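To start, the structure itself, in structure tokens.
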Amino acid sequence: WTSVASSLVLQPVLDAGLAKDLPAFVRASAWGLILAVLDFVVYYFACTCRQRILAGYIRALRVRYFSFLLLEQDTAAHLSKLTAEAETVGDKYCGSLLSLYRALWSLALSVAAIVSARWELAIVVVVFSLLTLNLPKPFQKQSDAAEAACLAASEAHMAEAQESIRGILL
């Protein structure tokens, strides 16, 4: 979306500059600067909201893990989840959903901007965008298997560490 928006902003600046129309150039440059600042403010707001949502999700996940930690006998598994898995699950699951949501909005805004220029170009952009959205799916199984192995190793390590600590305390 940013590249489409910057192209739409720069076009009037270039047109006015090439036409040697100083008032139009100043006006287009001022609008470009205003839109660049607005884009920065929106980006900052989006990043702040994303971090707040991720922090809230991870906090809720840790509270859930902690409640299971108090109720269950197998505390090593839940301690591992509380310390390591909450961050991983929050970043991978919630972060991925937020990134997908952002990508879909960006695609929609870009297509709308391109349709306003030429509808034939918009069709090509949509086809290539859908191809790139579906490209990661074949690699998802490998990624899921690697993540499961990492979490299992972390859980086993935490269980071993807890048993070692119990042995020292006894």
Side-chain angles (χ1 to χ4, degrees), residues 1-65 80-154:
W1 161 248
T2 305
S3 62
V4 173
S6 62
S7 298
L8 291 175
V9 168
L10 286 178
Q11 181 186 357
V13 173
L14 292 175
D15 290 345
L18 292 174
K20 297 181 181 178
D21 184 6
L22 185 60
F25 179 76
V26 170
R27 190 172 44 253
S29 297
W31 272 112
L33 184 62
I34 290 169
L35 291 176
V37 169
L38 181 66
D39 182 51
F40 177 74
V41 169
V42 168
Y43 177 74
Y44 176 78
F45 178 72
C47 287
T48 303
C49 287
R50 176 185 170 87
Q51 290 304 317
R52 285 184 184 168
I53 290 170
L54 278 174
Y57 182 81
I58 291 170
R59 188 179 319 111
L61 198 57
R62 283 191 172 145
V63 167
R64 185 180 310 154
Y65 287 157
S80 170
K81 288 180 181 179
L82 181 67
T83 57
E85 289 184 27
E87 287 281 336
T88 304
V89 170
D91 286 339
K92 299 292 181 188
Y93 178 73
C94 189
S96 296
L97 286 177
L98 292 173
S99 295
L100 178 65
Y101 182 71
R102 181 179 176 269
L104 289 175
W105 268 107
S106 179
L107 175 65
L109 291 174
S110 297
V111 168
I114 293 172
V115 164
S116 69
R118 280 192 83 162
W119 66 271
E120 298 94 353
L121 184 61
I123 291 173
V124 172
V125 168
V126 167
V127 168
F128 281 115
S129 297
L130 291 177
L131 285 174
T132 58
L133 282 176
N134 289 321
L135 190 61
K137 286 185 181 181
F139 302 108
Q140 186 66 37
K141 288 182 183 178
Q142 292 174 342
S143 174
D144 289 343
E147 185 176 344
C150 178
L151 292 176
S154 173

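Computed from a prediction, not measured in an experiment: that's the story for all the values here.
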Exercise for review: For Arg59, check side-chain contact (heavy atoms from CB on, under 4.5 Å) against everything at least two apart and list the hits.
Suggested key: Ala55

**Study point:** Rounded distance [0.5 Å steps], CG in Asp15 versus CG in Leu10
**Key:** 10.5 Å

Revision key, fill the gap. Residue pairs passing the salt bridge (charged side-chain N to carboxylate O under 4.0 Å, His left out) test with at least one member in residues 120-132, sequence neighbours excluded, are Arg118-Glu120

Point to revise | OG1 on Thr48 to CZ on Phe45, rounded to 0.5 Å | key: 8.0 Å

Exercise for review: Starting at OG of Ser99, measure out to CG of Leu104 and round the result to the nearest 0.5 Å.
Suggested key: 11.0 Å

Review point. Rounded to the nearest 0.5 Å, what separation is found between the CZ atom of Arg27 and the CG atom of Leu22?
Key: 10.5 Å

Check your understanding: When rounded to the nearest 0.5 angstrom, what is the spacing between CZ in Phe25 and CG in Leu14?
Key -> 8.5 Å

**Study point:** Separation between OH of Tyr57 and CG of Leu98, rounded to the nearest 0.5 Å
**Key:** 10.5 Å

